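Since the structure is predicted, the reported quantities are computational estimates derived from the model, not experimental observations. Throughout, numbering of the chain's residues begins at 1 and tracks the sequence.
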Amino acid sequence: MIKILIYEDNPQLREGLSMLINGSDGYEVLSAYKNCASVVDEVEAWSPDVILMDIDMPGTNGLEGLKIIRSVNLDVKVLMLTVFDDNKNVFEAIRNGANGYILKKTSPAKLLEYIAEAASGGAPMT
């Protein structure tokens, strides 16, 4: 079972991702949050295998959240899940310790495949 945390500020997308992942064998969403305000406590409390992280969130955004996670946890796999398809954000995410970079337009089947790939040590990119 791959345990997942989601950080996404869009409530419909957050719920949709949770339903997709929880409805798929071998995957479980432990919890989902609208920003990274308490990311250290949440990662510590849930011990996820993979985190799906949006970049553009209010308050503490995904790139800052990623830096914060990496300051205390180098093991959890973090996949950036975003609409930003530009070199600046990709570079910043990888530099901050992201394990992969996935666009939100990725098909549901491919998204699940990328989560499994990251959980097993891969580095998926779209």
Following the transitive rule for hydrophobic clusters with a side-chain heavy-atom cut-off under 4.5 Å over Ile, Leu, Val, Met, Phe, Trp and Tyr, establish whether [X] and [Y] coincide in one cluster.
X      : Y      : result
Ile94  : Ile102 : no
Leu13  : Leu5   : no
Ile4   : Tyr7   : no
Leu112 : Leu79  : yes
Tyr33  : Leu17  : no

Test item: Asn22 side-chain N/O and Val29 main-chain N/O as donor-acceptor pair under 3.5 Å: yes
Non-neighbouring partners of Tyr114 that pass ring pair (Phe, Tyr, Trp, His ring centres under 6.0 Å), sequence neighbours left out: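 Not a single residue meets the ring pair (Phe, Tyr, Trp, His ring centres under 6.0 Å) criterion with Tyr114.
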Closest heavy-atom pair and its distance - Gly62, Cys36: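 Shortest heavy-atom contact: CA-SG, 4.4 Å.
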Non-hydrogen atoms of Leu111 and Thr106 that approach each other most closely: N-CG2, 3.8 Å
Show me the donor-acceptor pairs, under 3.5 Å and distance only, between side chains in residues 115-126 and residues at least two apart or in other chains.
from	atom 1	to	atom 2	distance (Å)
Ser120	OG	Ala116	O	3.2
Ser120	OG	Glu117	O	3.1
Thr126	OG1	Leu103	N	2.8

Residue pairs fulfilling ring-ring contact (aromatic ring centres under 6.0 Å, His included) with at least one residue in residues 40-88, sequence neighbours excluded: none
Listed pairs under 3.5 Å, donor-acceptor, residues 48-61 side chains, sequence neighbours left out:
from	atom 1	to	atom 2	distance (Å)
Asp49	OD2	Lys3	N	2.7
Asp54	OD1	Lys104	NZ	3.3
Asn61	OD1	Leu63	N	3.0
Asn61	OD1	Glu64	N	2.8

Any side-chain heavy-atom pair of Tyr27 and Leu20 under 4.5 Å: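 Not in contact.
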Residue Asn87 excluded, over 12 heavy atoms near CG under 6.0 Å: no
Inter- and intrachain pairs under salt bridge (Lys or Arg N to Asp or Glu O under 4.0 Å), touching residues 26-48, at least two apart: none
Salt bridge (charged side-chain N to carboxylate O under 4.0 Å, His left out) against Glu92, all qualifying residues, sequence neighbours excluded: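 Partners of Glu92 under the salt bridge (charged side-chain N to carboxylate O under 4.0 Å, His left out) test: Arg95.
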